[in-house]
Structures are given as C-alpha cells and as structure tokens.
There are 4 protein chains.
Amino acid sequence: MSAGTLPSPGPGRPRSVEAHRAILDATLELVAEVGFDQLSVARVARRSGVSKATVYRRWPSKLPLVIEAFSELPTLEAPDNGNLVDDLIALLRQFAEILRDTPLARVLPVLAGECAHDPELSALLAPQIKARRAPLIQALERAVSRSELPPDIDLEASVDVIMGPLVTRMLFTGAEIEPDNVRRFVEAALFGINRLRSD
Amino acid sequence: MSAGTLPSPGPGRPRSVEAHRAILDATLELVAEVGFDQLSVARVARRSGVSKATVYRRWPSKLPLVIEAFSELPTLEAPDNGNLVDDLIALLRQFAEILRDTPLARVLPVLAGECAHDPELSALLAPQIKARRAPLIQALERAVSRSELPPDIDLEASVDVIMGPLVTRMLFTGAEIEPDNVRRFVEAALFGINRLRSD
Amino acid sequence: MSAGTLPSPGPGRPRSVEAHRAILDATLELVAEVGFDQLSVARVARRSGVSKATVYRRWPSKLPLVIEAFSELPTLEAPDNGNLVDDLIALLRQFAEILRDTPLARVLPVLAGECAHDPELSALLAPQIKARRAPLIQALERAVSRSELPPDIDLEASVDVIMGPLVTRMLFTGAEIEPDNVRRFVEAALFGINRLRSD
Amino acid sequence: MSAGTLPSPGPGRPRSVEAHRAILDATLELVAEVGFDQLSVARVARRSGVSKATVYRRWPSKLPLVIEAFSELPTLEAPDNGNLVDDLIALLRQFAEILRDTPLARVLPVLAGECAHDPELSALLAPQIKARRAPLIQALERAVSRSELPPDIDLEASVDVIMGPLVTRMLFTGAEIEPDNVRRFVEAALFGINRLRSD
DNA sequence: CAGTAATCGAGACGGTACGTCCCGTCTTTAT
DNA sequence: ATAAAGACGGGACGTACCGTCTCGATTACTG
C-alpha cells in the first residue's frame with residue numbers, strides 16, 4: 001500500500017526492518033524540529049543512522065516519506081456514547097492526548113504552512129486530513145439521525161467550529177491543551193461562548 | 001522605528017525609496033509563494049530587481065525583513081456598534097476582506113508553521129499576532145461591560161472560538177471565506193452550532 | 001600459481017570455469033575501454049555477467065585481477081635466424097601482430113600511464129614488462145656473441161632504440177603498425193635514420 | 001584565447017589572479033600524482049585552496065582545465081646550429097631538462113594512457129602533441145635542405161626514431177635521463193645502435 | 001541416495017566523492 | 001554614500017558507485 005513497503009521476499013538480502021522504522025521516526029522528529037524545507041533525505045539518513053542510499057531505496061524523495069510518516073501518527077477512533085456531547089468530548093480528549101503524546105502538535109502547523117505554497121504536498125496531504133476529520137463527521141451524522149441536530153446542518157462547518165478553537169490555540173499560542181479540559185470547548189461549540197467560563 | 005528606515009539626509013547618494021518598497025513587496029510575495037525557508041535575501045533582491053547589497057544595507061538578515069513586511073499588512077480596525085453581534089460581524093468581515101485582498105491568507109500559515117520550530121521568529125512575531133487579536137478582545141470587553149457576556153468569561157478562549165473556525169478553514173481546506181457570509185460563524189460562536197445551517 | 005586458480009575438488013559446488021574466463025576477458029576489455037581507474041570489480045562482474053561475489057571469491061581486488069589478465073596476453077617468442085636483422089624483424093613482426101590482434105595496443109598505454117603514479121601496480125607489473133623484453137635482450141646478446149655488435153654495447157638502451165619508435169607511435173599517434181613494414185624500423189635502429197626512406 | 005582567460009575589466013569584483021595560478025598548478029600536480037581519472041574539479045579546488053565555484057567559474061569541467069594546464073608546460077625552442085647533430089643534441093637536451101625540472105615526465109604517461117580510451121581528451125591533446133614535435137620536424141627539414149638527409153626521408157618516422165627511445169625509457173623504466181648524456185641517443189638514431197656504447 | 005557444504009545470483013547496506021546550486025560576504029566600478 | 005555587478009569561500013543536496021554483507025537457490029561430492 002504505502003511507498004516504502006517492504007517487498008515480498010525475493011532473492012537478495014532482505015530490507016532491514018529496523019532501518020525502516022528508524023527512518024520514519026527520524027522523519028517525524030525532523031519535521032517537528034526543523035520544518036519541511038530544512039528536511040532532506042540526507043538529513044533523515046543522518047538522524048536515523050542510516051545511509052542515504054537506504055532511504056532512497058525505499059522512497060524516491062522526501063515528499064512521500066513525509067506523507068507516510070505522517071500517516072502513521074495515530075488517528076481518532078469513533079466512539080458511540082449515544083449522545084453528541086459525550087462523543088465530542090471523547091473525540092477531543094483523544095485529540096488532546098495525541099497532541100500531548102506525539103509530535104503531531106508541531107508537525108501539523110509545519111505541514112499546514114507548507115501546504116499553503118506547495119500544491120504537490122497539498123494534494124497528497126488533503127485526503128489524509130479529510131480522513132482524520134471523518135470520525136467527527138460521523139459523530140455529527142449520528143447526532144442528526146438522533147435528531148440532536150437539525151437535518152440541514154453544515155457538517156463541514158460544524159467540524160471547523162468544534163476543532164477550530166483548539167487548532168488555533170495549538171498553532172498560534174502553542175498552549176498546552178489539557179485532555180481533561182476539553183468539555184468547555186465542546187459546550188462552547190454546541191451552545192455558544194456564553195458557556196465559556198474561565199477555569 | 002522599523003529596521004529599514006531611511007536615514008537622515010547626509011552626504012552621498014540618498015537611498016532609493018522605490019527600492020525600499022520593491023524589497024518589502026517582493027518579500028511578502030516570496031513568503032507567500034515559496035515559504036520562509038526558501039526565502040533568502042538574495043532571492044528578495046533578485047525578485048525586486050535590486051542588488052543584494054542594497055537589501056543588506058537596510059536589513060541585516062531576512063528575519064527583520066520578513067517581520068517588517070508582515071507588519072505592513074492591514075490590521076483590523078475596532079468598530080463600536082453598541083452590540084456584540086454587529087461588532088463581531090464587522091471584524092470578521094474585515095478579516096475576510098483582508099484575506100481576499102492581500103497575501104495574508106498564504107503568509108499567515110507559512111509564518112505560523114515556521115514559528116512551530118523557529119523560536120526567534122516566534123518571539124518577534126508573537127507581539128504582532130497579539131496586537132492583531134486586540135480589537136477582538138476589546139469588542140468582547142465592551143460586551144462584558146454591557147452585560148452581554150458574563151464577567152468571568154475567558155476572553156482569550158473566546159477569541160479562539162470566534163476566529164478558530166475561519167482560521168482552520170483557511171489553513172486546511174484553503175476554502176475562500178465570503179465576507180458577506182461571516183454572520184453564520186459569529187452566530188455559531190455565540191449560540192452554538194445548532195444555528196449553523198447550510199447555506 | 002595465479003591468484004584465481006581453481007581449487008582442488010572438494011565437497012560443495014565447484015567453481016565455474018566459464019565464469020573464470022568471462023571475468024578475465026571482461027577485465028581486459030574494460031582496461032582497454034575505460035582504463036584502470038574506472039575499472040572496478042563491480043564493473044567487471046557486470047560486464048562478464050557474473051555476480052560480484054563470484055569475482056571476489058577468486059581475486060581479492062582489482063589489482064591482481066588486472067595483473068593476471070595482462071599476463072595472459074601473448075608474449076614474444078625468441079627466434080634464432082643466425083643474424084640480428086632477421087631476429088629483430090621477426091620479433092617486431094610478432095609485436096605488430098599482437099598489437100593488431102589483441103587489446104594490448106590499448107591496454108599497454110593505460111597500464112603504463114597508471115604505473116606513473118601507482119607504485120603498487122608498478123611493482124607488480126615491472127617483472128612482467130621485463131620478461132616481455134627478455135627475447136629482445138637475448139637476440140642482442142646472441143648478436144654480440146656472433147660479433148655482430150661490439151661487446152660493450154648497452155643492451156637496455158638498445159632495446160629502447162629498437163622498440164621506442166614503435167611504442168611511441170602506438171602511444172601518441174595511435175597509428176597502426178603494419179607487420180609487413182617493420183623492416184625499416186629495424187634498419188633505422190641498426191644503421192640510422194639515413195636509411196629511413198618514405199614508403 | 002584559453003578557456004580560463006581573465007575577462008575584460010567590467011563591473012563587479014575582478015577574478016583573482018592568484019587563484020588562477022594556484023588552480024593550474026594544482027591541476028598539474030594532481031595529474032602527476034593521482035592521474036587523470038582520480039583528478040576532479042573538487043580535488044583541484046581542495047588542493048589549490050580555492051572553492052569549487054571558483055574553478056567552475058573558469059572551466060566547465062576538468063578536461064579543458066587539464067588541457068590548459070598542460071599547454072603551459074614549457075615547449076622546445078628550435079635551435080639552428082647549422083648542422084643536424086648539434087640541433088638534435090640541443091633539442092634532446094632541452095627535452096631532458098624539461099623532464100627533470102617540470103612534472104612533464106609523469107604527466108605525459110598519464111595523459112597518453114588516458115588518450116587510449118578517451119577520444120575527447122585525445123582530440124584536444126593531439127594538436128598540442130603535434131605542436132611539441134614541430135621543432136624536431138623543422139630541424140629535420142633544415143637538414144634535408146642542407147643535403148644532410150636524403151630528400152625523400154620520412155620525417156614523422158624520423159621523429160619517432162629520435163624521440164622514441166627516450167620516451168620509452170621515461171614511460172616504462174622511469175629512469176632519469178641525463179641532459180648531458182643525450183648525445184649517444186642522437187648518434188644511435190643517426191648512425192644506428194652500433195654506436196650505442198655503455199657509458 | 002540423502003546430507004552437507006561451497007558456489008552462485010540478487011540485492012540491501014554503509015560509505016565516499018562528485019557536480020550542482022545557492023547563500024552571505026567581499027571587492028570592484030560607476031553614479 | 002549608494003548602487004549594480006559579480007567573484008569568493010562555504011555548505012548541503014541528490015546521484016552514482018563501490019566493496020561488504022546477507023539472503024535463498026543450485027549443484028556437486030560424501031557418508
């Protein structure tokens with residue numbers, strides 16, 4: 001499926017699985033540390049303790065490498081608590097945990113910024129971004145089917161309203177987002193900022 | 001005030017004013033087109049039709065150059081319509097217009113992404129970002145003083161709730177934001193996504 | 001004797017004889033075509049249709065491989081016609097034929113040029129070069145014993161006088177040397193260039 | 001005239017004359033030390049203490065660089081002593097001195113060996129080799145006009161007979177050639193190896 | 001007649017060097 | 001003093017090989 005997949009065992013020395021992992025890990029680290037432009041296959045090789053040829057044997061350039069490394073970051077798992085509030089809280093809690101436990105919080109701004117002027121990256125990343133939003137869309141759709149939300153609601157815009165505040169906070173203020181403190185953002189999205197009291 | 005200020009007229013040939021403008025314009029163009037990393041003083045000079053020395057005579061590196069160019073992008077002007085809804089609509093309309101009419105829509109993601117791993121840029125850009133949010137904070141404070149909002153509201157989080165959806169949309173979907181269509185996002189922020197009907 | 005000798009038949013798969021020949025032939029071809037530096041064991045393997053391991057199993061590096069390949073080129077056979085002129089003509093005719101029929105004409109300049117800055121190659125090649133001159137030395141010695149030449153003649157210098165013109169021609173002008181046309185060079189060496197009429 | 005010529009003084013910083021010299025000197029040294037293949041622009045730059053760009057700004061590749069460096073080695077100056085023997089002795093003495101005082105003795109075998117499999121180098125070097133033989137041709141022509149040599153003599157072959165022994169000696173035995181000891185080779189060429197007594 | 005052991009092809013691996021490109025600095029002449 | 005032009009040292013990158021290595025498959029002797 002992915003570009004760097006280990007091939008079926010044919011003749012010759014098999015590809016190193018350790019190298020594979022080390023390369024993907026180093027890629028993610030470097031995207032977070034130095035950005036997409038400063039990233040290069042040579043640098044990935046250096047960081048991962050692998051020769052350049054070993055990287056190029058698997059990925060033709062840094063672009064598919066970054067795409068694959070990004071795709072291995074954990075995604076949201078769709079919950080089903082029977083009501084929208086709890087579903088959204090569960091999803092945003094997962095999201096906050098991922099931001100806390102993986103490099104995603106620093107990788108995402110970098111890639112978003114790069115997408116603004118790199119159509120090729122943009123084209124490859126868009127489906128992944130869409131896939132990562134899917135669990136939220138599904139939760140909203142279930143809410144509609146349960147009549148918690150009106151049927152003509154704009155689902156995409158709703159996702160923006162739910163995720164936007166957290167994403168913006170991550171982007172510009174670099175502030176930590178407490179997994180235990182996402183309820184207020186869910187309530188703000190569902191009922192408006194009147195509910196948004198200081199904590 | 002700014003780094004590239006023209007000096008007082010002394011002996012010798014005076015500095016070219018056209019060059020000054022051309023440099024700042026080229027800088028903004030290049031940030032939008034190729035990003036911050038690919039930007040370089042040499043490239044700015046090439047694009048603006050000026051020699052490298054002419055740029056270096058005014059700015060010691062690309063960093064203050066970018067900062068100054070960014071600072072010249074238009075900011076939000078604080079309105080006062082006497083009620084929060086209209087203030088927010090006016091502000092978001094301005095924001096949408098700026099996104100439409102200036103390179104900001106592409107410059108902002110680039111710089112935000114760069115800030116994620118460039119503390120120096122981050123330190124210089126943070127005050128500007130804060131200043132750009134100030135009109136929103138003020139509008140909210142006026143709403144509190146008018147008792148439109150409870151006094152213990154989290155102002156910063158509120159700004160995130162208001163701006164976040166639009167910013168996210170700009171960042172990830174690259175979707176155009178219609179200046180005439182910001183009302184629904186204001187209402188969604190104030191009263192929740194139940195109000196967020198498809199248009 | 002040689003480095004690549006086939007081992008005594010023991011257990012296991014025996015070494016391929018065809019591979020052996022193909023490797024030596026390819027080596028000589030490549031020395032002639034691309035020179036000594038551009039030559040590599042990998043390249044020899046590629047050209048001879050053999051895996052690299054098969055070459056390395058027989059020769060530890062390209063150096064002994066080249067030496068052995070060179071040693072298999074035909075050498076001069078000492079004639080004895082009873083007089084110096086006919087002996088030299090026979091020898092030079094052989095030489096011209098070898099130049100015409102084998103890659104020697106292109107291999108020799110390459111190796112000579114390499115010897116100028118490669119002491120290791122030089123040390124291994126010098127005995128072979130000396131051996132190839134031996135028949136000429138012997139012919140001259142017989143001429144001395146027959147009183148065709150004075151006893152205090154400088155044998156080595158004489159060989160240079162005899163071979164030098166042909167070698168120089170081979171090296172710099174790349175001109176073909178006609179086996180039927182060596183008599184004039186023998187006469188020129190023996191009696192001086194007064195005898196060297198245009199043909 | 002040559003590829004690396006310093007350009008006419010226009011705008012901009014002028015090219016460094018020291019760098020020019022250092023590059024050509026380093027080129028000649030390296031040809032003598034490591035050969036033509038191991039030579040590279042990068043290596044020349046390293047040896048001459050100059051950046052690679054500085055070399056590439058003047059010569060597009062190592063080939064014209066080597067050609068120009070070679071062309072600056074001293075050439076034979078045509079004497080005119082009124083008789084062939086003294087002319088040839090003077091020429092060969094010059095040749096021996098050049099071999100002793102310059103890197104030519106090691107450069108020439110390298111380039112000759114390379115020419116055997118590099119048509120491009122061969123094409124560029126042939127005219128220079130021809131030019132270096134010209135003084136000998138002229139001396140022979142004068143001898144013909146003075147009736148010292150028959151009119152139908154083969155001039156090119158004569159040059160080979162005269163130079164060949166020395167060149168061969170230089171190539172294969174690496175032996176030093178004493179400038180004071182060239183007379184015997186001249187006599188051997190003119191009157192045959194009977195005159196070639198040990199010294 | 002199996003079993004063992006060396007050979008063979010294929011190809012992954014770390015390493016090295018190259019030519020290209022571009023940068024920021026420096027040095028010139030011309031306004 | 002400023003401006004344009006361009007040479008300079010330096011550094012990083014992607015490419016291309018090399019020699020070594022690890023595999024599975026093949027092939028002959030040997031127990």
Side-chain angles (χ1 to χ4, degrees), chain A residues 6-7 9-20 38-46 49-58 60-62, chain B residues 6-7 9-16 19 38-46 49-58 60-62, chain C residues 6-16 18-19 38-46 49-58 60-62, chain D residues 6-7 9-20 38-46 49-58 60-62:
Chain A
L6 295 174
R13 177 171 171 177
R15 291 188 178 172
S16 162
V17 184
E18 297 84 354
H20 203 86
Q38 298 263 9
L39 185 82
S40 69
V41 175
R43 205 160 177 175
V44 169
R46 222 152 38 215
V50 153
S51 80
K52 285 189 285 182
T54 298
V55 185
Y56 279 111
R57 210 170 285 117
R58 293 168 161 85
S61 73
K62 71 172 172 177
Chain B
L6 298 174
R13 180 171 170 177
R15 290 188 178 170
S16 161
Q38 300 259 12
L39 184 84
S40 67
V41 173
R43 203 160 180 175
V44 168
R46 225 178 310 152
V50 152
S51 79
K52 287 187 284 182
T54 300
V55 184
Y56 279 111
R57 208 171 284 115
R58 293 168 160 87
S61 74
K62 73 170 173 178
Chain C
L6 296 174
S8 62
R13 181 172 171 177
R15 291 186 177 171
S16 161
E18 299 85 352
Q38 300 261 10
L39 184 85
S40 67
V41 174
R43 203 160 180 175
V44 168
R46 226 177 310 153
V50 152
S51 78
K52 286 186 288 182
T54 300
V55 185
Y56 279 111
R57 208 170 286 114
R58 293 167 160 87
S61 73
K62 73 171 173 178
Chain D
L6 297 173
R13 176 171 171 177
R15 291 187 179 172
S16 161
V17 184
E18 298 85 354
H20 203 85
Q38 298 263 9
L39 185 83
S40 68
V41 175
R43 203 159 179 176
V44 169
R46 221 152 39 215
V50 152
S51 79
K52 285 190 285 183
T54 298
V55 185
Y56 279 111
R57 208 171 285 117
R58 292 168 162 84
S61 72
K62 72 172 173 178

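Each chain gets a letter, A, B and so on, in the order the sequences are listed, and its residues count up from 1.
- Side-chain contact, D:H20 with D:R15: no donor N or O sits under 3.5 Å from an acceptor N or O.
- For the OP1/OP2 pair of F:dA4 and a distance below 4.0 Å, the side-chain nitrogens and oxygens of B:T54 include at least one atom meeting the criterion.
- Each of A:K62, A:K52, A:Q38 was scored for a side-chain contact (heavy atoms from CB on, under 4.5 Å) with A:R43, with one residue passing: A:Q38.
- As a whole-Å value, the separation of B:R43 CZ from E:dC23 P is 7 Å.
- The interatomic distance linking D:R58 (CZ) with F:dG9 (C1') rounds to 13 Å, in whole Å.
- Inter-residue side-chain proximity for A:R57 and A:T54 is flagged as met; some heavy-atom pair is nearer than 4.5 Å.
- Here E:dG14 is the nucleotide among F:dA3, E:dC8, E:dG14 with the atom lying nearest to any side-chain atom of A:S51.
- The CZ atom of A:R13 sits 7 Å away from the P atom of F:dC23 (whole-angstrom rounding).
- Between F:dC18 and C:R46, a contact under 4.0 Å exists linking OP1 or OP2 to a side-chain N or O.
- In this structure, A:Q38 atom CD and F:dG14 atom P are separated by 12 Å, rounded to whole Å.
- Per the geometry, CZ belonging to A:R57 stands 12 Å off C1' belonging to F:dC21, to the nearest Å.
- With E:dC13, E:dT27, E:dT25 as the choices, the nucleotide that has an atom nearest any side-chain atom of A:S16 turns out to be E:dC13.
- Projected onto DNA chain F by closest heavy-atom contact, B:A53 and C:K62 fall at different nucleotides, the more 5' of which corresponds to B:A53.
- For D:S40, no side-chain nitrogen or oxygen approaches OP1 or OP2 of E:dA17 to under 4.0 Å.
- Mapping C:G49 and D:K52 onto DNA chain E by nearest heavy atom places C:G49 at the nucleotide closer to the 5' end.
- As a whole-Å value, the separation of D:R15 CZ from F:dG6 P is 10 Å.
- Between the OH atom of D:Y56 and the P atom of E:dC18 there is a distance of 9 Å, given to the nearest Å.
- Along DNA chain E, the nucleotide nearest A:P14 and the nucleotide nearest D:A42 are compared for position; the residue whose nucleotide lies closer to the 5' end is A:P14.
- The distance between atom CD of D:E18 and atom C1' of F:dG9, rounded to the nearest whole Å, is 15 Å.
- If C:G12 and A:V41 are placed on DNA chain F by their nearest nucleotide, the residue sitting closer to the 5' end is A:V41.
- Nearest heavy-atom pair, D:R58 versus D:S16, reported as atom, atom and distance to 0.1 Å: NH2-O, 2.8 Å.
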